[in-house]
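Below is one structure, written out as structure tokens; the observations come after it.
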2 protein chains.
Amino acid sequence: MDNRSNILQVATELFASHGYDAVGVQQIASDAGVTKPTLYHYFNSKQGLFETLIKEKSEPLISDLREVSRYQGDITKSITDVTQFYFEYLDREPTFYRLILMTRFMPPSSDVYDIVTQVQHQQFDLLQQLFKDATEDHGNMRGRHRWYAVSLLGTIDTYIVMSLQGYIHLNEPHRVYRIVHQFMHGIFS
Amino acid sequence: MDNRSNILQVATELFASHGYDAVGVQQIASDAGVTKPTLYHYFNSKQGLFETLIKEKSEPLISDLREVSRYQGDITKSITDVTQFYFEYLDREPTFYRLILMTRFMPPSSDVYDIVTQVQHQQFDLLQQLFKDATEDHGNMRGRHRWYAVSLLGTIDTYIVMSLQGYIHLNEPHRVYRIVHQFMHGIFS
DNA sequence: TAAAAACTATACCGTTCGGTATACATATTG
DNA sequence: CAATATGTATACCGAACGGTATAGTTTTTA
């Protein structure tokens with residue numbers, strides 16, 4: 001592996017394990033087997049490293065989600081596909097997803113606030129579009145797009161966070177059904 | 001104000017604004033108008049300071065939530081009261097609540113992981129108890145207590161986070177109705 | 001009132017922080 | 001092949017990190 005990719009990979013793991021502020025550049029360089037000036041050569045700064053990492057690794061996430069969230073006339077299927085997608089993404093990219101979860105509420109003072117907020121809003125926007133497109137078939141959703149997007153992704157993420165903490169257990173394939181069913185039909189059915 | 005309280009207050013604000021790892025002890029001491037040994041006199045360590053802060057400030061949150069979440073035969077009212085409670089808490093203690101939100105997914109490697117996870121689980125446990133108590137009147141909730149607790153609080157928190165990011169707008173009193181209605185009845189009504 | 005406890009400070013510790021200057025090595029280009 | 005571009009290193013910078021030793025001050029207690 002080339003140094004650039006190696007540094008990105010190591011940084012992802014360290015940031016995901018400890019958070020952006022708790023990981024130093026020297027640690028990343030050491031673990032990647034290079035020196036700091038080498039790291040700075042590629043990324044210019046710690047912030048640059050993090051931003052590069054987030055941009056490059058979120059791109060496939062966003063483009064895949066764009067495909068998955070495309071409304072095709074069946075809202076149940078779309079919501080199920082989206083929910084399934086996130087769990088599969090967690091299984092496929094556990095490290096990066098943990099990092100994403102960790103940045104859900106980042107202080108605006110952080111020098112990487114903009115990039116993480118951007119990735120978040122991209123996700124929410126795609127889900128919102130799903131609900132917008134579904135409005136033709138489900139008029140009651142009118143005006144609630146953002147709310148539903150926030151509610152759906154917020155719920156998925158909280159389930160995942162709580163399962164990572166051992167508070168709940170997500171067993172295949174119950175997890176998807178459970179979330180989707182409750183999201184769509186509430187708690188009385 | 002005595003130094004101890006002053007330090008706690010300043011620390012809360014700084015941690016809420018920047019996160020635990022991005023705030024140094026020297027900064028807290030300076031802003032509180034004391035020196036580091038004074039701070040260490042009261043709290044022994046940075047971790048001790050944070051833990052004291054979380055414990056003392058979460059206690060009223062937990063005990064108030066315990067009152068509010070007590071099921072009294074009307075599940076709609078309980079869920080509404082809980083939701084209302086969180087928004088009121090946000091209005092009453094915006095700084096500490098931001099800090100709580102920021103710790104929703106903390107790396108297990110953090111030396112304050114235990115204390116923040118404990119406060120979280122306390123909240124979820126209280127909500128879970130609410131759904132357990134409601135099971136007598138709503139048998140369909142059986143076995144779903146944890147899921148509903150996670151879903152409700154996760155949704156509330158995500159709404160709040162996204163409103164703090166300017167993604168959605170929470171206007172009195174729509175916000176409570178919206179969340180409660182969707183949580184209870186789903187997206188088709 | 002003297003001793004003990006609680007409180008507060010100055011100065012210091014070794015390590016780490018993000019970043020930089022300079023030099024050297026390797027690969028590419030004309 | 002020499003010059004340029006790209007890549008990698010050693011050594012260094014000032015500031016900040018969490019924490020500590022020691023001394024002084026104030027309050028409390030017997």
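Below, chain A is the first sequence line, B the second, and so on; all start at residue 1.
At whole-Å resolution of the value, CG in Asp111(A) and P in dC17(C) are 15 Å apart. At whole-Å resolution of the value, CZ in Phe43(B) and C1' in dT20(D) are 18 Å apart. Across the protein-nucleic acid pair, Gln47(A) atom CD and dG18(C) atom C1' stand 12 Å apart, rounded to whole Å. Across the protein-nucleic acid pair, Gln26(A) atom CD and dT10(D) atom C1' stand 12 Å apart, rounded to whole Å. Counting to the nearest Å, the P atom of dA16(D) and the NE2 atom of His18(B) are 14 Å from each other. Rounded to an integer number of Å, the gap from Asp2(B) CG to dA6(C) C1' is 13 Å. For Lys46(B) and dG18(D), the NZ to C1' distance is 8 Å, given to the nearest whole Å. The separation between Leu39(B) atom CG and dG19(D) atom P is 10 Å, rounded to whole Å.
Counting heavy atoms from C-beta outward, Ile179(A) and Tyr86(A) have side chains that stay 4.5 Å or more apart.
The pair Asp114(A)-Lys55(A) does not meet the salt-bridge criterion, since no charged nitrogen lies less than 4.0 angstrom from a carboxylate oxygen.
Environment of CD in Gln47(B): crowded, with over 12 heavy atoms of neighbouring residues, nucleotides or ligands closer than 6.0 Å. Annotation: Arg142(B), atom CZ; neighbour count of heavy atoms from other residues, nucleotides and ligands within 6.0 Å does not exceed 12.
In this structure, CG in Leu61(A) is found 5.0 Å from CZ in Phe85(A), a value given to the nearest 0.5 Å. Between atom CD1 of residue Ile168(A) and atom NE2 of residue His145(B) there is a gap of 14.5 Å, rounded to the nearest 0.5 Å.
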Once base and sugar-phosphate atoms are separated, protein heavy atoms under 4.0 Å mark nucleotides 4-9 of chain D, 5' to 3', with B, S and - as ---BBB
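Of all the residues in residues 5-17 of chain A, not one reaches under 4.0 Å from DNA chain D with any non-hydrogen atom.
Of the N and O atoms on the side chains of Asp2(A) and Tyr42(A), not one donor lies less than 3.5 Å from an acceptor on the other residue. In this structure, a donor-acceptor pair under 3.5 Å is present between the side chains of Gln128(B) and Tyr167(A).
Taking the centre and axis of the six-membered ring of Tyr71(B), the NZ or CZ atom of Lys132(B) falls outside the cone set by 45° and 6.0 Å.
Using a 4.0 Å cut-off, no side-chain N or O of Lys36(B) falls inside it from OP1 or OP2 of dG19(D).
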